[in-house]
Amino acid sequence: MQMNGSSSSFGPGGLDLAQSFFKPIQNGAPPSTTKRHTKISVVGVGNVGMAIAQTILTQNLADELALVDAKPDMLRGEMLDLQHAAAFLPRTKISASADYSVTVGSDLCIVTAGARQKPGESRLNLLQRNVALLSDIIPPLAKHSPDSILLIVSNPVDLLTYVSWKLSGFPSNRVIGSGTNLDSSRFRFLIADHLNVNAQDVQAYIVGEHGDTSVALWSTISIGGVPVLSFLEKQQIAYEKQTLENIHKEVIDSAYEVINLKGYTSWAIGYSVANLARSLLRDQRKIHPVSVFAKGFYGIDGGDVFLSLPAHLGRGGVLGVTNIHLTDEEVEKLRKSAETILEVQNQLGF
Ligand SMILES: NC(=O)C1=CN([C@@H]2O[C@H](COP(=O)(O)OP(=O)(O)OC[C@H]3O[C@@H](n4cnc5c(N)ncnc54)[C@H](O)[C@@H]3O)[C@@H](O)[C@H]2O)C=CC1
Ligand SMILES: CC(=O)C(=O)O
């Protein structure tokens, strides 16, 4: 059963009422068909799915938003609660169903369903539970929206992106994991906070696994276009490598800390994913560190692995991977991160 609170409130005569309420203007042309109608589906309406949904609505990123979850009552409750904000938001048609036909014709399908970490638990611990769910989620999503982009958020995100790629049969450029877009935002926040500047002026990437083996690319940090480490070196300003390592450790510990404090993370991932949705659907061609098919880049050659690299995103999905200069140490850490993911992946049987 598909739930669509708003249009059904007037009953079956709702459309007739609308037709008699508005008289068409004389000599009017039929509606233009050139404007693209954008539809986003979000699977899983827990903390993360709802933070993403509400950010998509407030940022006016879709004409249509479809929600799916395995719990029909909560799903209908969340749909109605969002619909009741219609008077304060850009116009978006919101529908919800446990049946995947509600997602038909989506441009972007975002998957947030599944188990989340308990305090102290690692993302990798969620693997078996969440892989099992994907077999119910990805095939119907792919069937109803064969041309869509899949954006995986559930954890462990790199491994689940690989499994989603396998289950969907989609080309690898249309299967993306939210990856270290969030870790990089945490990194930029911490650097900005340290230097008392605006995080939007800080360019800095975390790549690799969205997890404990992520890699901080110190050589990529620039503020207002000024590369930070080479600036410090040229000015002969001493800095402790340990200070840098501590900032990276704080990034890795961020999710654990928030989960310890409030039980889950939601707002930052909501903004992170909406930011990715904008780049993809509005063809922004921005560079984001996200989980992509990484084989062949930066010496990663051990197997079909998804992990975060600075990727160029647009309407076609992943348009390419940026060839930035990494130090030998960064390349080595990135390869180790890939090996960690592959070791687990090879036991999955996919
Ligand atoms: N990649 C990232 O940066 C982040 C990933 N996450 C991950 O996102 C996932 C969701 O986290 P929360 O929203 O906090 O969890 P939650 O427990 O609040 O929500 C999960 C939702 O998934 C639904 N669900 C479970 N099985 C389903 C199925 N087969 N089909 C459809 N819906 C199903 C549940 O009913 C529930 O509504 C977790 O795996 C978490 O680790 C969370 C934050 C950041
Ligand atoms: C939970 C999670 O993956 C994060 O907040 O980074």
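Ligands are counted one by one from 1 in listed order, and the atoms in each one are counted from 1 as well. Numbering of residues begins at 1 and proceeds along the displayed sequence.
Taking the six-membered ring where the residue is Trp, the centroids of F187 and W218 are separated by under 6.0 Å.
Contact atoms of ligand 2 toward L182: 4 (C), 5 (O), 6 (O) (distance under 4.0 Å to a heavy atom of the residue). Listed by number with element, the atoms of ligand 1 under 4.0 angstrom from any heavy atom of L133 are 26 (N), 29 (N). Which parts of ligand 2 touch R186 is read off a 4.0 Å heavy-atom cut-off, strictly below it: atoms 4 (C), 5 (O), 6 (O). Proximity to L182 (heavy-atom distance under 4.0 Å) selects the following atoms of ligand 1: 3 (O). For ligand 2, the atoms lying closer than 4.0 Å to a non-hydrogen atom of Q117 are 1 (C).
Closest to atom 1 (N) of ligand 1 among all protein heavy atoms lies V153 O, 2.8 Å. Annotation: atom 25 (C) of ligand 1 to nearest protein heavy atom, G114 N, 3.8 Å. Ranking protein heavy atoms by distance to atom 11 (O) of ligand 1, first place goes to V48 CG2, 3.6 Å. Ranking the protein heavy atoms by distance from atom 19 (O) of ligand 1 puts G46 CA, 3.2 Å first. Closest to atom 6 (N) of ligand 1, if we only count protein heavy atoms, is N155 ND2, 3.4 Å. T265 OG1, 3.1 Å is the protein heavy atom nearest to atom 43 (C) of ligand 1. Nearest protein neighbour of atom 9 (C) of ligand 1, counting heavy atoms only, is T112 O, 3.4 Å. Of the protein's non-hydrogen atoms, R116 NE, 3.3 Å is the one closest to atom 15 (O) of ligand 1.
Between E245 and K249 there is no salt bridge, since none of the side-chain N atoms of the basic residue sits less than 4.0 Å from a carboxylate O of the acidic one. For the pair E329 and K241, the salt-bridge criterion is met [side-chain N within less than 4.0 Å of a carboxylate O].
Within 6.0 Å of the OH atom in Y271, the count of heavy atoms belonging to other residues, nucleotides or ligands does not exceed 12. At most 12 non-hydrogen atoms from other residues, nucleotides or ligands lie less than 6.0 angstrom from CD of E257. Dense packing is recorded around CZ of F350, with more than 12 heavy atoms of other residues, nucleotides or ligands lying under 6.0 Å away. For K71, the NZ atom counts as loosely surrounded, since its 6.0 Å shell holds 12 or fewer non-hydrogen atoms of other residues, nucleotides or ligands. Heavy-atom neighbours of E121 CD from other residues, nucleotides or ligands within 6.0 Å: above the threshold of 12.
Within the 4.5 Å cutoff, side-chain heavy atoms of I94 are placed close to those of L57. In this structure the side chain of N275 never reaches within 4.5 angstrom of the side chain of T55, judged on heavy atoms. At least one side-chain heavy atom of V290 sits under 4.5 Å from a side-chain heavy atom of L276. Contact annotation: the side chain of Q117 approaches that of N155 to within less than 4.5 Å [non-hydrogen atoms, C-beta and beyond]. Taking 4.5 Å as the limit, every side-chain heavy atom of I341 sits out of range of all side-chain heavy atoms of F306.
The N/O atoms of A70, backbone and side chain alike, include one that comes under 3.5 Å of an N/O atom in ligand 1. Annotation: S178 places an N or O atom under 3.5 Å from an N or O atom of ligand 1; distance criterion only. Taking distance alone, with nitrogen or oxygen atoms compared against 3.5 Å, Q117 stays at or beyond that limit from ligand 1. For the pair H210 and ligand 1, the shortest N or O to N or O distance falls below 3.5 Å. Taking distance alone, with nitrogen or oxygen atoms compared against 3.5 Å, D69 approaches ligand 1 more closely than that limit.
Figure legend: R186 and F189 shown without cation-pi pairing, the cationic atom not lying both under 6.0 angstrom from the six-membered ring centre and within 45 degrees of its axis.
Closest heavy-atom approach to atom 38 (C) of ligand 1 within the set G49, A51, A115: this belongs to A115. When the options G44, G263, S272, A113 are ranked by their closest heavy atom to atom 24 (N) of ligand 1, first place goes to A113.
Heavy-atom separations between N155 and ligand 2 include at least one value shorter than 4.0 Å. In this structure, V68 falls outside the shell of residues with a heavy atom less than 4.0 angstrom from ligand 1. Close to ligand 2: H210, with a non-hydrogen atom less than 4.0 angstrom away. At least one heavy atom of M74 sits closer than 4.0 Å to an atom of ligand 1.
Proximity of V157 to ligand 2, defined as any heavy-atom pair under 4.0 Å, is not found for any part of the residue. Contacts with ligand 1 closer than 4.0 Å are made by side-chain heavy atoms of I269 only, the backbone lying farther away.
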Could you go through F170 and W165, starting from their C-alpha distance and side-chain angles, then the distance that decides it, and tell me whether this counts as ring-ring contact (aromatic ring centres under 6.0 Å, His included)? CA-CA 6 Å; F170 280 11; W165 171 59; over 10 Å; no

